[in-house]
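Computed from a predicted structure; not experimentally measured. The residues of the chain are indexed from 1 along the displayed sequence. Each ligand, and each atom within it, is numbered from 1 in the order the structure gives.
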Amino acid sequence: MSANPFQKKAGSLAAPKILAEYLLSATGPEHFPKEELPEVAFLGRSNVGKSSLINALLGQKALAFTSSKPGCTQAINFYRVDSTYNFVDLPGYGYARVSKDQMLEWKKLIESYLIERQTLGLSVLVIDARRGWMAPDLELKRWLEAHGKPRLVVATKMDKLKNQSEMQQCLKSLREGADEAMLCSAETGRGVREIWQAIMTKTQGSQ
Ligand code: GDP
């Protein structure tokens, strides 16, 4: 397999320029692409900013689907990154208007991916910097821990924190839930480079 694409990206000062393409959307394991490349999966509540974060990491404006309608993405979206990795956008959880049946479907789909996917190298749990840990985020974090899945916690929308003291407060409460929680903004690009570094470190060995 070719060299880690993140290595050269993280070394550059500008936002990483990466060759990325949309692969497919899967509503069940039968649609998942062949297990060839290591995968980085993004998880989080609906509307938390997952797709925007993927776009920011890939230096793209609109590759990953962003939506102002929370809960509308019920498929797993796969993106190929530099022909070396797949980025995987998992459907958001915790949207109030979703029925119990839809919630169960969601669980089934996500778990089928997280449990069975042999090429899953890292799960990025995305939370909202302003809101901090919410019950479903903690539940998912514990689930990942219980299943021994490598993970990275990222709090996004940090541009919405008004000042340094809000930032410190946010970091403190984030780190009560996870030692290594990182802050970023897809809007300003702040923290994106550091997230690349963390992804790179945590996926070493899965290539
Ligand atoms: P997803 O449902 O988790 O994929 O969330 P999206 O990426 O579609 O984002 C949901 C909304 O939050 C959109 O209106 C985005 O423009 C907005 N958003 C996402 N990331 C940021 C961010 O870092 N800062 C700000 N201010 N808004 C953001």
Side-chain angles (χ1 to χ4, degrees), residues 14-16 18 20-27 39-81 86-98 102-103 105-107 109-110 113-114 122-141 143-144 151-164 166-167 169-171 173-174 178 181-199:
I18 292 162
E21 59 175 341
Y22 165 71
L23 266 187
L24 57 85
S25 298
T27 50
E39 296 188 340
V40 180
F42 294 79
L43 295 136
R45 282 180 307 106
S46 296
N47 224 26
V48 73
K50 264 183 308 102
S51 315
S52 304
L53 175 61
I54 293 174
N55 286 329
L57 285 165
L58 298 180
Q60 306 256 346
K61 278 217 156 36
L63 182 69
F65 315 131
T66 57
S67 166
S68 52
K69 276 196 216 145
C72 73
T73 328
Q74 284 310 321
I76 299 184
N77 301 314
F78 291 81
Y79 302 90
R80 182 138 302 167
V81 180
N86 287 342
F87 271 17
V88 184
D89 190 1
L90 295 169
Y93 52 85
Y95 182 50
R97 266 185 252 163
V98 163
Q102 283 170 305
M103 190 61 204
E105 277 301 304
W106 177 88
K107 261 197 137 158
L109 180 62
I110 301 272
Y113 175 82
L114 291 175
L122 179 67
S123 297
V124 179
L125 176 53
V126 185
I127 61 182
D128 188 322
R130 290 164 310 168
R131 295 172 189 226
W133 289 101
M134 297 182 76
D137 304 321
L138 284 169
E139 197 184 319
L140 186 53
K141 182 180 79 88
W143 189 96
L144 292 169
R151 61 213 162 265
L152 173 68
V153 176
V154 170
T156 189
K157 304 192 185 181
M158 74 181 284
D159 58 286
K160 295 207 175 188
L161 300 171
K162 288 190 208 83
N163 50 42
Q164 199 61 29
E166 276 196 19
M167 197 106 82
Q169 189 56 40
C170 164
L171 269 175
S173 70
L174 284 177
M182 303 181 78
L183 273 173
C184 78
S185 163
E187 196 80 9
T188 64
R190 213 166 149 197
V192 168
R193 193 160 172 260
E194 287 78 3
I195 293 169
W196 270 119
Q197 291 281 8
I199 289 176

- Query: Just heavy atoms, cut-off under 4.0 Å: does Met158 contact ligand 1 by side chain, backbone, both, or neither?
  - Reply: neither

- Message: Quick check: closest heavy atoms across Leu174 and Trp133, and the distance to 0.1 Å?
- Response: O-NE1, 2.9 Å

- Message: Less than 4.5 Å apart, side chain to side chain, heavy atoms only: is that true for Val124 and Ile195?
- Response: no

- Spell out, as yes or no, whether a donor-acceptor pair under 3.5 Å connects the side chain of Lys50 to the backbone of Asp89. no

- Item | Candidate with minimal heavy-atom separation from atom 23 (O) of ligand 1, of Gly191, Gly189, Ala186 | Ala186

- Nitrogen or oxygen atoms of Ser52 and ligand 1 under 3.5 Å apart: yes

- Task: Would you mind telling me if ligand 1 is within reach of the side chain of Val48, the backbone, both or neither, using heavy atoms under 4.0 Å?
- Result: both

- Task: Under the side-chain contact (heavy atoms from CB on, under 4.5 Å) rule, collect the residues that match up with Ser25, sequence neighbours excluded.
- Result: Tyr22, Phe65, Ala75, Asn77

- Query: For ligand 1, is there an N or O atom under 3.5 Å from any N or O atom of Lys160?
  - Reply: no

- Message: What I'd like to find out is whether the side chain of Met134 reaches to under 4.5 Å of the side chain of Ile127, using heavy atoms alone.
- Response: no

- Query: Relative to ligand 1, is Thr156 under 4.0 angstrom through side chain, backbone, both or neither, heavy atoms considered?
  - Reply: side chain

- Taking only residues two or more places apart in sequence, or in another chain, which ones meet Glu166 in a side-chain contact (heavy atoms from CB on, under 4.5 Å)? Leu161, Lys162, Asn163

- Evaluating non-hydrogen atoms only, which member of Ser51, Ala155, Gly92 is closest to atom 4 (O) of ligand 1? Ser51

- Measure the spacing between CG of Leu23 and CZ of Phe87 and express it to the nearest 0.5 Å. 12.5 Å

- Does Ser185 have a heavy atom less than 4.0 Å from any atom of ligand 1? yes

- Counting heavy atoms only, which of Arg130, Lys157, Arg45, Arg190 is nearest atom 21 (C) of ligand 1? Lys157

